[in-house]
Colleague: 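Got a structure here, written out as structure tokens. Questions coming.
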Amino acid sequence: MLDEDGNKVKITTTTRTRKLAKARLSKRAVERRIMAEPSTAAATSTTADPPPPVTKRWADEEDEETEASSTATATEASSVNLDSLKIEDNDENPPKLLDDPDDSSIQKVTSGETPYTSAAKFEDLNLSPELLKGLYVEMKFQKPSKIQAISLPMILNPPHRDLIAQAHNGSGKTTCFVLGMLSRVDPKVQAPQALCVCPTRELANQNIEVLRKMGKYTGIASECAVPTDSNALSIAKRAPIMAQVVIGTPGTIKKWMSFKKLGASRLKILVFDEADQMLAEDGFKDDSLRIMKEIEKVNSNCQVLLFSATFNDTVKNFVSRTVKEDHNKLFVKKEELSLDAVKQYKVYCSDELAKIEVIKDYIFEIGENVGQTIIFVRTRNSAQMLHKSLVDMGYEVTSIQGALGHDEREKIVKEFRDGLTQVLISTDLLARGFDQQQVNLVINYDLPMKHTASYTREPEPDCEVYLHRVGRAGRFGRKGAVFNLICDQKDERLMSKIENHFGTRVAEVRAQSVEDYKGALKEAGLLQ
DNA sequence: TCCATGC
């Protein structure tokens, strides 16, 4: 079987073909990795026999592997050798593939005298053999990423202090807290011991998939606390939760707790994914505090972990007062948040219709084979409107937003994950955490805005959401591009505020210039 | 005119 570059790829299914074809590695990145890590050189050397597995040193959520493992075993996956990998050279900007995106400094503030040694290997963390097997065999990790190396000893070692941790998009945050939960749970105790709260059902689902995969050999049971048809009707009738790990959304978790079906007395660890949003005034603050208080009432020593790629100053301040005083914290400067892994562009459009034309006549045409695309819009209504416009024009796109039923939402996400759809229109529902490695293109049909009560006030961009949206492309250190569509002075001001905030400059692509789009995609490493 | 999350 040949991939699109004519290289031999041994695979079993067509879905697998698409995935592998997209899963390109840069030769240079592999070489650099060999130089940087003599200990793993044998594993990646071309002379190794049998052919080396394409392993991962670190990862955030890993979903494609979940389904891939059902069609292809680990050994089949390892039949991809370096010859089948696409060789790409980018003289201007060496690709950062498979290098840690968090090379930059992480500001570490530890509390008390406890010394923490960064974990160079997973073996340094006193993990159970079953968990280690999950990391190597199921997740195919080699060693901890930077954020994992620093945070895991803080999470796992007594006195189990609370932790606020910021890390780049796609740098492996999920692994930090999933591993933390799996490791701190006692499999022999049949009661909830770890709880994770997420802002969307999609994220809860994704996280529990990662947990089940990583914990495959541990025998630890898990439950996803999101609304479904079955549990919506009969919470009162169902048995109390005995699973050791529960991951879900605030409403359902609160509900299960109030029905006394989810006991908090044995909880050892409470995680807030996307913690800044979970504790923001206009976010889930009330729900989150309520859940924390419910736990505190019956349980005085539950460790709290707060993870996100973003913490603005207001929420950072509040968050620090939310957890115990002797907590540890890890922060990254906003200028160093991995915006540079993904190339950003802006396109001036004369009006809304021009935005749609830019999308279909230029970005879709020129970017046809660069991978999957997410188009972000600001409102549910514009999601539907844009969806209809593009479908009417004959394009195969789908859209997702919170007003859809959960079955429909699940179906649309599944189709996108399976690669059946190439383009997905979404509200900020999918802005955070959604991990789909084939997404190389993000289009901001609308720029993210902060909600302001007053009409008179100058509109402000939501820089945190912007960063999260951008982070949907270039997962796992891959390449990516973002096109920001701008059509009036308001957009222009929002864009320049975003540029100032991150200290970057976003290059312009002329709306009608095929050459500009091609150049942009080439620069982003998505086009030859 | 937000966006999520649930009654």
Colleague: List in chain and number order the residues that pass side chain to side chain contact (heavy atoms under 4.5 Å, CB included) with E357(A), two or more places apart in sequence or in another chain; answer none if no residue qualifies.
Modeller: L353(A), K360(A), D361(A)
Colleague: H406(A) has an atom NE2; how far is it from atom C1' of dG6(B), in whole Å?
Modeller: 12 Å
Colleague: Measuring to OP1 and OP2 of dT5(B), would you say a side-chain N or O of T200(A) lies under 4.0 angstrom away?
Modeller: no
Colleague: Among dT5(B), dG6(B), dC2(B), which nucleotide sits nearest the side chain of K255(A)?
Modeller: dG6(B)
Colleague: Between F307(A) and F272(A), is the gap from one ring center to the other below 6.0 Å?
Modeller: no
Colleague: Can you identify which nucleotide, out of dT5(B), dA4(B), dC7(B), has its nearest atom closest to the E202(A) side chain?
Modeller: dT5(B)
Colleague: Can you tell me how far C1' of dC3(B) sits from CD1 of I425(A), to the nearest Å?
Modeller: 17 Å
Colleague: To the nearest angstrom, how far is L447(A) atom CG from dC3(B) atom P?
Modeller: 16 Å
Colleague: Is the Y395(A) to F364(A) ring centre distance short of 6.0 Å?
Modeller: yes
Colleague: Hey, is the main chain of T175(A) close enough, under 3.5 Å, to the side chain of Q148(A) for a donor-acceptor pair?
Modeller: no
Colleague: Look at all strands and tell whether R409(A) reaches a base, only sugar-phosphate, or nothing, counting heavy atoms closer than 4.0 Å.
Modeller: sugar-phosphate
Colleague: In this structure, how many angstroms lie between the P atom of dA4(B) and the CD atom of Q277(A), rounded?
Modeller: 10 Å
Colleague: In this structure, how many angstroms lie between the P atom of dT5(B) and the CG atom of L404(A), rounded?
Modeller: 11 Å
Colleague: What does R201(A) touch in the nucleic acid at a heavy-atom separation under 4.0 angstrom: a base, only the sugar-phosphate, or nothing?
Modeller: sugar-phosphate
